[in-house]
Colleague: 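Provided herewith is a single structure, encoded as structure tokens, for subsequent inquiry.
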Amino acid sequence: MSTLNSQDFQSQDHSEENLEGVPITFASAIARLKNLALEEFDREIAQKQLYYHTREHINNVQHRANIIFQAIRPYWETSLKDNAAPEYMARMQLLLDICATAHDMLQLFVPETQPHKSRRREMGVSETATIEKLFEYIDILNQEQGDENLNSLARFSDADLVIIRDAIEATICIYEPSEQAIYQPALYDSSKPLSALAIIIALADIGALGMEGVAAYEREGSLLFLEENPDVIPILLNHKTLASENPELYENIRQRLLRRARFQISFAKSRLTRYASEIEHLPADAIQILTYEVFQYLNPKTIQEIDSKTPTAEDTPLEVLITFFKLEHYINSIIEKTGVENEFTISGHNVQIILDTPRE
């Protein structure tokens, strides 16, 4: 896999001059747009208690997207069969970079009406808001080019906007009750074929298990739980006496963690079942590499490991679930990081914690 990592997005060096003045190349325009998107994303992280949707997630998606891109690039480029192929592929890689960076820029949660309940997002709402905000930034950058530069290579074209929209929309997930898991319906819509770039972004977004293995998958599950259930953080800081002092709340949190544990298994099984059909529209010559090198962990052995080690019995104690998800470790990590202080009110008592607000 080392050859597939050689051109990782994170190694691209956008100089400071690319972030100032009117962009003169598409790479400098992408650099400006990334800077705006990441500033917006950082505000979301700080204001909305995001523990999974952080700079770490963005870096991971960029890394996974680049691995997939490099795996299929030779076959994709060959299929173009014209002299402009290298320039086209370079533009596609830059568009892939901004889509990976900005796909989760805004996170909109349904207003909470009850205490001690998981917060949730409505399908597609965050992605639609992200696209609209990103297009506002793009419009600003295009306007900077002026009417005299309508054909500037630094200008985002209508075709670029279609690619960006399709890629971000491809990450929208829906719950499938029969599988007790989520999947990305855009990958199955035969009426609207996706570009290779959109497929890459979708696969990279939920590709931790297949591309990085069980440990990365479990880490994501734990951070997602904390992000969707931020009310548990101050409670779990002092959970030793929770069963005796507030048995109803103890059971509430235990059930939420049990649901997450069961989802970890069903989602893993779903990824194994689905990924073969999800990559079939990528260049055929790359399928073997994608199956055995890129998504090397999507196999029955991995699923069996997850199934056997994840506690899902109905009587599993809260303490066992906390230990399995390593929640004390992640909560302490959140507290230790530099960030913004926020107050949580639990049973009339204010508990201050420090939220993860990464800066680069």
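Keep in mind it's a predicted model, so treat the numbers as computed, not measured.
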Colleague: Look at the side chain of E319 and the backbone N and O of H239, then say whether any donor-acceptor pair between them is shorter than 3.5 Å.
Modeller: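 Side chain of E319 to backbone of H239: no pair is present.
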Colleague: Could you tell me whether the side chains of S28 and T25 share a donor-acceptor contact shorter than 3.5 Å?
Modeller: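 Side chains of S28 and T25: pair found under 3.5 Å.
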Colleague: With no hydrogens and no angle check, just 3.5 Å: does a side-chain donor-acceptor pair link S118 and E228?
Modeller: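 E228 and S118 do not have a side-chain donor-acceptor pair below 3.5 Å.
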Colleague: Strictly by side-chain hydrogen bond (donor to acceptor under 3.5 Å, both in side chains), give each pair with a member in residues 280-290 just once, sequence neighbours left out.
Modeller: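 Applying side-chain hydrogen bond (donor to acceptor under 3.5 Å, both in side chains) to every pair that reaches into residues 280-290, excluding sequence neighbours, yields nothing.
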Colleague: Is the gap between the ring centers of H57 and H103 under 6.0 Å?
Modeller: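 Yes, ring centres under 6.0 Å apart.
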Colleague: Do you see a donor-acceptor pair shorter than 3.5 Å between the side chains of H116 and N252?
Modeller: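 Absent: no donor and acceptor within the cut-off.
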Colleague: Looking at the rings of Y297 and Y217, which for Trp means the six-membered one, are their centres under 6.0 Å apart?
Modeller: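 Centroid separation for Y297 and Y217: 6.0 Å or greater.
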Colleague: Establish, for the pair R260 and F225, whether the NZ or CZ atom is under 6.0 angstrom from the six-membered ring centre and no further than 45 degrees off its axis.
Modeller: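 Pair R260/F225 does not count as cation-pi.
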Colleague: Test of understanding: clusters of I, L, V, M, F, W, Y form through side-chain heavy atoms closer than 4.5 Å, transitively. Do F156 and V162 belong to the same one?
Modeller: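 In one cluster: no.
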Colleague: For S266, does its backbone N or O pair with a side-chain atom of S270 as donor and acceptor, under 3.5 Å?
Modeller: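 No: the side chain of S270 does not pair with the backbone of S266.
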Colleague: Regarding R256 and N229, is there a side-chain donor-to-acceptor distance under 3.5 Å anywhere?
Modeller: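 Yes.
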Colleague: Who passes side chain to side chain contact (heavy atoms under 4.5 Å, CB included) against S79, sequence neighbours left out?
Modeller: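 Applying side chain to side chain contact (heavy atoms under 4.5 Å, CB included) to S79 gives W76.
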Colleague: Carefully, step by step, assess Q93 and N66 under the rule side-chain contact (heavy atoms from CB on, under 4.5 Å).
Modeller: CA-CA 8 Å; Q93 186 164 11; N66 189 58; 3.3 Å; yes
Colleague: Considering only heavy atoms from C-beta outward, does the side chain of K269 approach that of I306 to under 4.5 Å?
Modeller: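 Not in contact.
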Colleague: Regarding E40 and Y137, is there a side-chain donor-to-acceptor distance under 3.5 Å anywhere?
Modeller: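 Looking only at side-chain atoms, Y137 and E40 do form a donor-acceptor pair, the distance falling under 3.5 Å.
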Colleague: Q184 side chain to A202 main-chain N or O, any donor-acceptor pair under 3.5 Å?
Modeller: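 Here the side-chain-to-backbone pair exists.
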Colleague: Identify the two heavy atoms, one from Y75 and one from A71, that lie closest to each other, and give their separation to 0.1 Å.
Modeller: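 Between these two residues, the closest heavy atoms are CE1-O, 3.5 Å.
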Colleague: Mind running side chain to side chain donor-acceptor pair (under 3.5 Å) on S178 and E176 for me, showing each step along the way?
Modeller: CA-CA 6 Å; S178 65; E176 173 51 58; 2.7 Å; yes
Colleague: Ignoring hydrogens and angles, tell me if any N or O in the side chain of T130 forms a donor-acceptor pair with the backbone of S126 under 3.5 Å.
Modeller: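 Answer holds: yes.
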Colleague: Say whether E227 and H53, considering side chains only, have a donor N or O and an acceptor N or O under 3.5 Å apart.
Modeller: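 A pair is found: one side chain offers a donor N or O, the other an acceptor, under 3.5 Å apart.
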Colleague: Would R274 count as a cation-pi partner of Y188, with NZ or CZ less than 6.0 Å from the six-membered ring centre and within 45° of the ring normal?
Modeller: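 Flagged: R274 positioned over aromatic ring of Y188.
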Colleague: Determine whether a donor-acceptor pair (N or O, by modelled atom type, separation under 3.5 Å) exists between the side chain of N246 and the backbone of A243.
Modeller: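 Checking the backbone N and O of A243 against the side chain of N246, no donor-acceptor pair under 3.5 Å is found.
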Colleague: Applying side chain to side chain donor-acceptor pair (under 3.5 Å), run through E314 and Q255 and close with a yes or a no.
Modeller: CA-CA 9 Å; E314 186 56 44; Q255 287 295 333; 3.1 Å; yes
Colleague: Quick check against the 3.5 Å criterion: does D307 have a side-chain atom that pairs as donor or acceptor with the backbone of I303?
Modeller: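 Absent.
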Colleague: Please check if any side-chain donor atom of R121 sits under 3.5 Å from a side-chain acceptor atom of Q107, or the reverse.
Modeller: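 There is such a pair (donor and acceptor under 3.5 Å, judged by atom type) between the side chains of R121 and Q107.
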Colleague: Check the pair Y330 / F325 against ring pair (Phe, Tyr, Trp, His ring centres under 6.0 Å), numbers first and verdict last.
Modeller: CA-CA 9 Å; Y330 292 121; F325 283 105; 9.5 Å; no
Colleague: Using atom types as modelled and distance alone, determine if a side-chain donor or acceptor of T54 lies under 3.5 Å from a backbone N or O of L50.
Modeller: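 No.
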Colleague: Which ILVMFWY residues are connected to L108, directly or by a chain of links, through side-chain heavy atoms under 4.5 Å apart?
Modeller: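 Other cluster members: V125.
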